[in-house]
Amino acid sequence: MSGRRPERADDSKPKKCGAQKRQGEQGDLCGQAAGWGTDHPGYGSCRLHGGNTRNQRAAARSEMADTQARQILAQLDVQPVADPFAALSLLAGQVLAWQEAISRIVNDLGDRVRYEGGAGAEQLRAEIALYERAMDRTGSVLGMIAKLNIEDRMARVTERQADALISALEAGLAAAGVTGTAASDARKAAVRHLRSV
């Protein structure tokens with residue numbers, strides 16, 4: 001709602017509804033606890049200021065999810081991405097797994113993909129919207145991987161790593177005094193082993 005006061009820097013204090021009171025002077029804000037009288041206590045507007053409306057409930061759930069994500073992120077040991085190709089491949093795996101999870105939920109709905117809303121209008125279930133979003137996200141990530149030609153790039157990275165290992169092996173053999181046929185045989189064995197991995 002308009003007139004909401006900015007979030008406090010100190011999240012340890014209980015949040016207030018903060019909506020502009022209907023009666024009273026401009027700037028007179030609601031002091032009820034955030035989400036008071038609703039199914040989302042601690043988040044969003046109170047019951048007296050529209051907290052039980054569909055939009056306010058959705059906003060409160062979004063705020064709750066954002067808060068939880070920030071708390072989890074604060075506990076994570078975030079490291080810089082050293083290998084963006086591998087990170088993007090991992091992301092693609094997670095996106096596909098999310099789509100599969102949502103797909104199972106949608107399949108369990110059977111023919112109950114719609115329901116009658118409060119005003120008697122037919123509504124599409126939220127799970128369907130989640131599934132559509134998951135499909136879009138999967139398509140975006142896989143399209144990005146295809147455009148970047150990541151498989152070929154990862155293959156080239158692997159080849160460079162193999163070449164570096166062979167060079168290190170040859171340097172070690174030379175330092176140990178292994179030369180000639182023995183060094184050649186060791187190099188061939190290393191190449192065979194790397195190709196089988």
Side-chain angles (χ1 to χ4, degrees), residues 4 6-13 15 34-35 39-44 54-110 113 124-175 186-197:
R4 182 171 297 284
E7 290 295 320
R8 297 179 210 256
D10 182 6
D11 287 337
S12 64
K13 292 181 181 177
K15 293 180 186 173
D39 62 357
H40 49 82
Y43 297 91
R54 192 170 110 192
N55 287 344
Q56 286 293 333
R57 283 179 169 166
R61 282 194 296 272
S62 178
E63 182 185 347
M64 190 181 312
D66 182 67
T67 300
Q68 290 170 345
R70 287 175 187 275
Q71 289 169 348
I72 292 169
L73 183 61
Q75 296 171 1
L76 295 177
D77 181 22
V78 178
Q79 299 295 320
V81 176
D83 186 350
F85 304 127
L88 190 54
S89 293
L90 177 62
L91 174 64
Q94 291 171 338
V95 167
L96 284 167
W98 175 250
Q99 181 189 349
E100 179 61 28
I102 299 298
S103 172
R104 290 181 185 179
I105 292 170
V106 169
N107 285 338
D108 288 345
L109 290 175
V113 295
L124 194 63
R125 295 186 73 93
E127 293 89 336
I128 304 300
L130 274 176
Y131 182 62
E132 289 172 348
R133 255 184 273 150
M135 288 191 343
D136 288 344
R137 194 160 294 144
T138 300
S140 296
V141 172
L142 294 180
M144 192 184 315
I145 289 172
K147 285 179 188 173
L148 293 174
N149 204 9
I150 284 183
E151 281 189 25
D152 288 347
R153 290 184 184 203
M154 289 184 80
R156 285 196 297 272
V157 168
T158 304
E159 286 173 14
R160 284 197 300 271
Q161 289 172 335
D163 289 344
L165 285 171
I166 295 298
S167 296
L169 174 67
E170 288 173 344
L173 290 172
R187 185 181 194 287
K188 288 176 186 173
V191 168
R192 278 195 310 271
H193 178 74
L194 287 171
R195 283 181 180 157
S196 69
V197 172

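Here, residue 1 is the first one in the sequence, and each next residue gets the next number. Everything numeric in this text was worked out from a predicted model, so none of it was measured.
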Could you check Lys15 against Glu63 for side chain to side chain contact (heavy atoms under 4.5 Å, CB included), going step by step and ending with a plain yes or no? CA-CA 12 Å; Lys15 293 180 186 173; Glu63 182 185 347; 3.2 Å; yes

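- In terms of the side-chain contact (heavy atoms from CB on, under 4.5 Å) criterion, residue partners of Arg137 (sequence neighbours excluded) are, by chain and number, Val95.
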In residues 72-80, what donor-acceptor pairs under 3.5 Å come from side-chain atoms, sequence neighbours left out?
from, atom 1, to, atom 2, distance (Å)
Asp77, OD1, Gln79, NE2, 2.9
Asp77, OD2, Gln79, NE2, 3.1

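- In this structure, the side chains of Glu132 and Glu127 stay at 4.5 Å or more apart for every pair of heavy atoms.
- Note that the CG atom of Asp66 and the CD atom of Gln71 stand 10.0 Å from one another [nearest 0.5 Å].
- The salt bridge (Lys or Arg N to Asp or Glu O under 4.0 Å) pairs that include a residue from residues 85-97 number zero, where partners must be two or more places apart or lie in different chains.
- In plain terms, the two heavy atoms of Leu169 and Ala186 that are nearest each other are CD2-O, 3.8 Å.
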Donor-acceptor contacts under 3.5 Å from residues 96-105 side chains, at least two apart:
from, atom 1, to, atom 2, distance (Å)
Gln99, OE1, Thr138, OG1, 2.9
Glu100, OE2, Arg104, NE, 3.4

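- Annotation: salt bridge (charged side-chain N to carboxylate O under 4.0 Å, His left out) contacts of Asp136 (sequence neighbours excluded): none.
- In this structure Asp39 satisfies the salt bridge (charged side-chain N to carboxylate O under 4.0 Å, His left out) test together with Arg57, sequence neighbours excluded.
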